[in-house]
Amino acid sequence: MNVLESTFMQGFIRMANDGWEQGWHERNGGNLTYRMRREEVEQVRDDLRFDAPWQPIGTSVPDLAGEFFVATGSGKYFRNVSAFPADACAILEVDEQGERFRICWGLVNGGRPTSELPSHLMNHEVKKRVSDGRHRVIYHAHPANVIALTFVLPLTDEAFTRELWEMATECPVVFPDGIGVVPWMVPGGREIAVATSKLMEKYDVAIWAHHGVFCSGETFDLTFGLMHTVEKSAEILVKVLSMTGSKRQTILPDDFRRLAHDFNVTLQERFLYEK
Ligand code: 2HA
Ligand code: ZN
């Protein structure tokens, strides 16, 4: 089967385009990767090439040895993914040591996979382990309201988790484990990848201060929906803070505890502090 006919590739393209339509991907902002299933690799194997040179990943991901990923390209625009997927995206294979990759499909006009490949692959490695292989999607976007809040809220997991939980009743159900925050760092390298993947041990969402958000999930729907929910909540908080410095009423710690009980989720007490 051609890569472009496959269900996973069509899902990848649709998700990238949905992110573009949300306004989260100015210019070449953001990146998306998907860890392919074995049977998906087999489905499209005849459309892959295995003669491209191996290149360094820039970090080490031994638990991803031999895995195949779909990835957006470095410098490519989400706006162009649906119109020119074979130019804007790649399928890549990780070598047997987890140190190098090679391009097996796509980037037909040249280029490299996303500049954030170290963060994506280190996140995939952690998530593959802690989710028993269920998580397959890592998504980085630049949603304006979350980024705006990183100039106003304390840059702590507790503050972002609690403030965003408070802004919409569904939030503690959608991201019950909370949200991690990475302080401002230079993007693209191993240092920020290590910091982000450490947070991914316990959260599905990591915010990069003054930059954007990383989300992890099992499917395109769940991962896009997670980013969408976090950004929607941030938008509500931005509106509230724009109207007033103090909320007249809100969801209180005991309300969260009742919600957790009825919806069968565990909310850590460290996020339910008295204000
Ligand atoms: O340009 O978003 O973080 C892609 C990015 C880098
Ligand atoms: Zn970015």
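These values consider heavy atoms only, across backbone and side chains, with no hydrogens, waters or symmetry-generated copies. When a ligand or atom number is given, it counts from 1 through the structure's own listing order.
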**Student:** If every non-hydrogen atom of Asn17 is compared with every non-hydrogen atom of Ser82, which pair is closest and at what distance?
**Tutor:**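 Closest approach of Asn17 to Ser82: OD1-OG, 3.4 Å.
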**Student:** In the protein, which heavy atom is nearest to atom 5 (C) of ligand 1, and how far is it?
**Tutor:**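 Checked against all protein heavy atoms, atom 5 (C) of ligand 1 sits closest to Asn31 ND2, 3.5 Å.
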**Student:** Please report, to 10°, the angle around the Zn ion (ligand 2) from atom NE2 (His142) across to atom NE2 (His140).
**Tutor:** 100°
**Student:** Within the structure, is a non-hydrogen atom of Arg27 found at a distance of less than 4.0 Å from ligand 1?
**Tutor:** no
**Student:** Would you mind listing which atoms of ligand 1 come within a distance below 4.0 Å of any non-hydrogen atom of Asn28?
**Tutor:**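 Here the atoms of ligand 1 in question are 1 (O), 4 (C).
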**Student:** Given that the side chain starts at C-beta and the backbone is N, CA, C, O, which of these parts of Glu116 lies under 4.0 Å from ligand 1, counting heavy atoms, or is it both or neither?
**Tutor:** side chain
**Student:** On the six-membered ring of Tyr77, is Arg27 placed so that its NZ or CZ lies under 6.0 angstrom from the centre and within 45° of the ring axis?
**Tutor:** no
**Student:** Any idea which atoms of ligand 1 are less than 4.0 Å away from a heavy-atom of His140?
**Tutor:** 2 (O), 3 (O)
**Student:** Identify the heavy atoms of His211 and Pro187 that sit nearest to each other, and give their distance.
**Tutor:** CE1-CB, 3.6 Å
**Student:** Heavy atoms, side chains only, cut-off 4.5 Å: are Pro253 and Glu274 in contact?
**Tutor:** yes
**Student:** Has ligand 1 got any nitrogen or oxygen that is less than 3.5 angstrom from a nitrogen or oxygen of Ser115?
**Tutor:** no
**Student:** Backbone or side chain, does any N or O of Gly29 fall under 3.5 Å from an N or O of ligand 1?
**Tutor:**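 Among all N and O atoms of Gly29, none is under 3.5 Å from an N or O of ligand 1.
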**Student:** What's the shortest heavy-atom distance between Gly58 and Arg190, and which atoms?
**Tutor:** O-CD, 3.8 Å
**Student:** Considering only heavy atoms of Gly30, which atoms of ligand 1 have at least one such atom less than 4.0 Å away?
**Tutor:**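 Ligand 1 atoms under the 4.0 Å threshold to Gly30: 2 (O), 4 (C), 5 (C).
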**Student:** For the residue pair Leu64 and Leu121, what are the closest heavy atoms and their distance?
**Tutor:**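 Looks like CD1-O, 3.2 Å.
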**Student:** With nothing but distance in play, are any N or O atoms of Trp208 less than 3.5 Å from an N or O of ligand 1?
**Tutor:** no
**Student:** Identify which one of Trp24, Phe220, Phe175, Tyr139 satisfies the ring pair (Phe, Tyr, Trp, His ring centres under 6.0 Å) criterion when paired with His228.
**Tutor:**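 For His228, the ring pair (Phe, Tyr, Trp, His ring centres under 6.0 Å) check succeeds only for Trp24.
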